[in-house]
Amino acid sequence: MTADFEKKVIVVLLRLPPGRVSTYGVLAQLAGYPRHARHVGRLLGQLPAGAQLPWFRVLGAGGKVSRPGTEQADWQRVLLEEDGVVLSSSGRVDLRRYGWPEEYFALG
DNA sequence: CTATTGACGGGGT
DNA sequence: CACCCCGCCAATA
């Protein structure tokens with residue numbers, strides 16, 4: 001992807017508050033690149049190990065952690081819990097409650 | 001150049 | 001909940 005895409009996605013991600021979560025699709029939209037949800041995912045996957053970004057606060061549109069069964073997914077759940085985010089027994093987050101920005105996850 | 005591949009999304013069964 | 005299908009679009013093969 002273009003450097004512009006990466007830059008804008010990162011800028012948005014840096015605004016994602018602790019204790020809140022967002023989705024690949026919403027991040028892409030906020031960055032000005034609608035329909036690029038998959039690319040946000042690829043970008044986060046390419047992040048260097050020590051990147052100081054709240055990548056763990058990004059979930060799929062269904063409120064679930066991506067790439068289930070991987071080390072990264074387990075680690076992500078730990079970081080979210082540490083963040084105060086509640087995960088259901090099936091590992092899903094209530095986006096109506098923790099979703100950010102709120103207006104993107106409001107009911108109705 | 002065509003084909004395949006995703007940290008995705010939405011709709012249907 | 002589980003699948004399946006199709007649209008999406010840049011990177012890779």
Side-chain angles (χ1 to χ4, degrees):
Chain A
M1 268 312 289
T2 64
D4 181 69
F5 171 79
E6 302 184 1
K7 178 179 177 181
K8 291 188 174 170
V9 170
I10 288 174
V11 167
V12 174
L13 192 52
L14 287 172
R15 300 208 305 130
L16 214 178
R20 310 300 303 285
V21 300
S22 196
T23 67
Y24 300 98
V26 168
L27 253 44
Q29 193 172 330
L30 290 175
Y33 287 81
R35 300 184 298 288
H36 287 239
R38 306 186 84 131
H39 303 281
V40 171
R42 187 170 53 75
L43 172 58
L44 298 193
Q46 307 305 313
L47 289 175
Q52 300 303 296
L53 289 172
W55 59 270
F56 58 90
R57 301 206 260 254
V58 185
L59 307 169
K64 292 179 297 183
V65 169
S66 292
R67 299 188 71 195
T70 66
E71 276 289 314
Q72 165 274 143
D74 295 335
W75 177 223
Q76 180 167 10
R77 279 190 285 273
V78 171
L79 290 173
L80 286 173
E81 295 270 344
E82 220 170 78
D83 225 28
V85 174
V86 176
L87 295 129
S88 72
S89 54
S90 55
R92 188 169 57 260
V93 172
D94 182 356
L95 294 177
R96 296 192 308 200
R97 178 166 158 182
Y98 299 100
W100 178 92
E102 288 182 25
E103 55 269 34
Y104 281 73
F105 302 95
L107 199 50

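Residue numbers start from 1 in every chain, and the chains themselves are labelled A, B, ... in the order their sequence lines are given, proteins ahead of strands.
Nearest to the side chain of A:W55, among B:dG9, B:dA7, C:dC1, sits B:dA7. Candidate nucleotides C:dG7, B:dA7, C:dA11 were compared by shortest atom distance to the side chain of A:R42, and C:dA11 ranks first. Among the nucleotides B:dG9, C:dG7, C:dA10, the one closest to the side chain of A:M1 is C:dA10. Closest to the side chain of A:S90, from the set B:dA7, C:dC1, C:dC8, is C:dC1. The side chain of A:R35 approaches C:dC9 more closely than any other nucleotide in the set C:dC9, B:dG9, C:dG7.
A:T70 comes within 4.0 angstrom of no nucleic acid atom, judged by non-hydrogen atoms across all strands. Base engagement by A:G45 is indicated by at least one non-hydrogen atom pair under 4.0 Å involving a base atom.
Residue-environment remark: CD (A:Q52) stays at or below the threshold of 12 foreign heavy atoms within 6.0 Å.
Checking the phosphate oxygens (OP1, OP2) of B:dC8, no side-chain nitrogen or oxygen of A:T23 falls inside 4.0 Å.
One atom, CZ of A:R77, and another, C1' of B:dA7, lie 13 Å apart when rounded to the nearest Å. Protein atom CZ of A:F5 is 13 Å distant from nucleotide atom C1' of C:dC8, rounded to whole Å. Rounding to whole angstrom units, CD of residue A:Q46 and C1' of C:dT12 are separated by 12 Å. The distance from atom CG of A:L13 to atom C1' of B:dA7 is 12 Å, rounded to the nearest whole Å. The distance from atom CG of A:L16 to atom P of B:dA7 is 20 Å, rounded to the nearest whole Å. Between the P atom of B:dG9 and the CD atom of A:Q29 lies a distance of 11 Å, rounded to the nearest Å. Atoms NE2 (A:H36) and C1' (B:dG6) sit 15 Å apart, rounded to a whole Å. Following rounding to the nearest Å, A:H39 (NE2) and C:dC8 (C1') show an atom-to-atom distance of 7 Å.
Listed here is the closest heavy atom pair of A:L27 and A:S22: CD1-OG, 3.3 Å.
Remark: A:D74 engages A:R77 in a salt bridge, criterion side-chain N to carboxylate O under 4.0 Å.
Ring pair A:F5/A:H39 is perpendicular by interplanar angle, where above 60° counts as perpendicular and below 30° as parallel.
The structure places CG of A:L44 at 9.0 Å from CH2 of A:W55, a figure rounded to the nearest 0.5 Å.
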